[in-house]
Peer 1: 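First the structure, which I've put down as structure tokens, then a few questions once you've had a look.
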Amino acid sequence: MKIPVDPRRLYEGCVFAAIVHAVTAGEYPELNYEHSWDGYNYSMNDSQGCRATITFHPEYIVAVFQESSKCDYRRAADDYLADMPEEILAIARSEALMYVLRNRAGEDVPVITAAFWGTWNELCSGQSWEEIVENGGHIIERQLLDRAEAWVQWDDYYGMNNRQMDLIASLCKRKMENHGEKIYLLAEEMDSLYGDQDECLAALEELNIFPYADTE
């Protein structure tokens, strides 16, 4: 069934969240596991027992969720993906499901509690949107907000200053305009990375964003 999630808003919300996290990572290194980007895959961990990975493939999108309190180790991940087209299932198995592995009887297997998939035009699932949210989908709540509300929510979480906000806005705009290309921080933008700058740069590099010095 179709779910009420706009694929492009989801992608933009995930990029925004990852950039906010990267810019503030130097001040909160203990939270560096909460957001990460690896190739097509954006992963989240809320430290409350919920994790998720969304694969933003050029043609397809796959999202899988693992809510620890709802895990049923007797149920295979494929049970949640029964209606998934074969071409998307192949991507799920090689990408998203590799980030939600758990040990079951001595074997690492993907364990999920919810999933959705589709194209860049439409997303669907074998579960209702309400079921997805109850079984781990709540972890992307901020990523689905409109940008104005997302700013408020992320600022409440990280406590950003104006320089950080300006940098985040600039990087998001450049990322949206240059999806697959390398992006370089301006020399003056480096000064907006507070705390452990290496933590920030490591997180930004996952997004294909590099320090100014790399252009020389």
Side-chain angles (χ1 to χ4, degrees), residues 1-18 21 31-145 179-180 203 206-208:
M1 69 186 78
K2 183 178 177 180
I3 60 171
V5 174
D6 180 87
R8 296 188 183 279
R9 170 178 275 194
L10 174 64
Y11 173 70
E12 291 178 7
C14 290
V15 170
F16 181 61
H21 165 75
L31 302 179
N32 63 5
Y33 62 88
E34 290 193 346
H35 303 264
S36 63
W37 210 289
D38 180 20
Y40 298 140
N41 303 293
Y42 168 60
S43 296
M44 297 143 279
N45 186 328
D46 70 356
S47 74
Q48 307 288 317
C50 184
R51 62 195 306 167
T53 292
I54 306 176
T55 301
F56 291 105
H57 182 271
E59 295 181 68
Y60 304 111
I61 294 172
V62 179
V64 294
F65 303 88
Q66 184 188 91
E67 175 62 69
S68 293
S69 64
K70 305 287 184 68
C71 287
D72 181 352
Y73 288 90
R74 298 165 297 178
R75 189 173 182 184
D78 281 4
D79 291 348
Y80 294 89
L81 313 177
D83 300 322
M84 184 180 284
E86 282 297 323
E87 61 272 24
I88 304 181
L89 184 58
I91 293 167
R93 287 173 172 162
S94 64
E95 300 286 350
L97 290 173
M98 292 294 97
Y99 295 83
V100 288
L101 298 177
R102 283 199 157 183
N103 188 276
R104 183 172 63 191
E107 181 184 5
D108 288 335
V109 297
V111 175
I112 62 174
T113 50
F116 63 76
W117 59 86
T119 67
W120 286 85
N121 295 315
E122 182 177 283
L123 297 171
C124 59
S125 176
Q127 300 161 288
S128 69
W129 178 240
E130 289 74 20
E131 289 176 304
I132 293 170
V133 171
E134 290 174 4
N135 289 280
H138 58 84
I139 200 172
I140 59 170
E141 181 181 25
R142 292 189 185 100
Q143 286 83 342
L144 293 173
L145 295 171
H179 293 282
E206 294 176 358
L207 290 151
N208 224 18

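By convention here, the first residue in the shown sequence is residue 1. Every value quoted in this text rests on a predicted model; they were computed, and no experiment measured them.
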Peer 1: NE2 of H21 to CG of L31: how many Å apart, nearest 0.5 Å?
Peer 2: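 If we round to the nearest 0.5 Å, H21:NE2 and L31:CG are 8.0 Å apart.
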Peer 1: So, for N208 and G180, which heavy atoms are closest and what is the spacing to 0.1 Å?
Peer 2: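 Heavy atoms only, the tightest pair is ND2-O, 3.4 Å.
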Peer 1: Between V5 and L144, is a side-chain contact (heavy atoms from CB on, under 4.5 Å) present by the stated rule, with each step listed?
Peer 2: CA-CA 8 Å; V5 174; L144 293 173; 3.8 Å; yes
Peer 1: E95 pairs by side-chain hydrogen bond (donor to acceptor under 3.5 Å, both in side chains) with which of T53, N41, T55?
Peer 2: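 Among T53, N41, T55, the one that satisfies the side-chain hydrogen bond (donor to acceptor under 3.5 Å, both in side chains) with E95 is N41.
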Peer 1: Within a strict 4.5 Å, meaning less than it, do heavy atoms of the Y42 and Q143 side chains meet?
Peer 2: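 Yes; the side chains approach each other to less than 4.5 Å.
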Peer 1: What distance do I140 atom CD1 and C14 atom SG have between them, rounded to the nearest 0.5 Å?
Peer 2: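 Between I140 CD1 and C14 SG, I get 6.5 Å after rounding to 0.5 Å.
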Peer 1: Are P110 and V64 packed together at the side-chain level, in the sense that at least one heavy-atom pair is separated by less than 4.5 angstrom?
Peer 2: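 When only atoms from C-beta onward are counted, V64 and P110 do not touch, as no gap falls below 4.5 Å.
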Peer 1: W120 side chain to F56 main-chain N or O, any donor-acceptor pair under 3.5 Å?
Peer 2: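 No: the side chain of W120 does not pair with the backbone of F56.
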Peer 1: How close do I54 and A63 get, counting heavy atoms only, and between which atoms?
Peer 2: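 The pair with the smallest heavy-atom distance is CG1-CB, 3.8 Å.
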Peer 1: Kindly indicate whether the side chain of E34, heavy atoms from C-beta on, has any atom under 4.5 Å from the side chain of S47.
Peer 2: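 A side-chain contact under 4.5 Å exists here.
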Peer 1: Determine the minimum heavy-atom distance between Q127 and A114, stating which atoms define it.
Peer 2: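 Looking at all heavy atoms of both residues, the closest pair is OE1-CA, 3.2 Å.
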Peer 1: C50 and side-chain contact (heavy atoms from CB on, under 4.5 Å): which partner among Q66, H138, M44?
Peer 2: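 When side-chain contact (heavy atoms from CB on, under 4.5 Å) is applied between C50 and each of Q66, H138, M44, only H138 qualifies.
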Peer 1: To the closest 0.5 Å, what do you measure between OH (Y33) and OG (S43)?
Peer 2: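 If I round to the nearest 0.5 Å, the distance is 14.0 Å.
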Peer 1: Report yes if the side chains of I61 and T119 come closer than 4.5 Å at any heavy-atom pair, otherwise no.
Peer 2: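 Side chain of I61 against side chain of T119, heavy atoms only: no contact under 4.5 Å found.
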Peer 1: Minimum heavy-atom separation for G118 to I88, with atom names?
Peer 2: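 Scanning both residues completely, I find the closest heavy atoms to be O-CD1, 4.2 Å.
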Peer 1: Just wondering, do I112 and L97 contact through their side chains at under 4.5 Å, heavy atoms?
Peer 2: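 Yes, close enough: below the 4.5 Å cut-off.
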Peer 1: Of all the heavy-atom pairs spanning L81 and A115, show the shortest one and how long it is.
Peer 2: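 Of all heavy-atom pairs spanning L81 and A115, the closest is CD2-CB, 3.6 Å.
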Peer 1: Looking only at heavy atoms, what is the nearest atom pair of S128 and E131, with distance?
Peer 2: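 S128 and E131 have their closest heavy atoms at N-OE1, 2.8 Å.
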Peer 1: Nearest 0.5 angstrom please: S69 OG to Q48 CD, how far?
Peer 2: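 It comes to 11.0 Å.
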Peer 1: Taking only residues at least two apart or on different chains, which pairs with a member in residues 87-119 satisfy ring-ring contact (aromatic ring centres under 6.0 Å, His included)?
Peer 2: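 Qualifying pairs, neighbours excluded: F65-F116.
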Peer 1: Got a second to check how far M84's CE is from I91's CD1, nearest 0.5 Å?
Peer 2: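 The CE atom of M84 sits 9.5 Å away from the CD1 atom of I91.
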Peer 1: About how many Å separate CD1 of I3 and CG of L10, when rounded to the nearest 0.5 Å?
Peer 2: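 One finds 8.5 Å between CG of L10 and CD1 of I3.
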Peer 1: Determine which pairs satisfy side chain to side chain donor-acceptor pair (under 3.5 Å) with at least one residue from residues 70-80, sequence neighbours left out, and list them in order.
Peer 2: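 Output for this query lists D72-R74, Y73-R102, R75-Y80, D78-R93.
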Peer 1: Can you classify the ring geometry of Y11 versus W37 as parallel (below 30°), tilted (30 to 60°) or perpendicular (above 60°)?
Peer 2: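 Ring orientation of Y11 relative to W37: perpendicular.
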Peer 1: Just wondering, do Y40 and P58 contact through their side chains at under 4.5 Å, heavy atoms?
Peer 2: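 P58 vs Y40: side chains touch.
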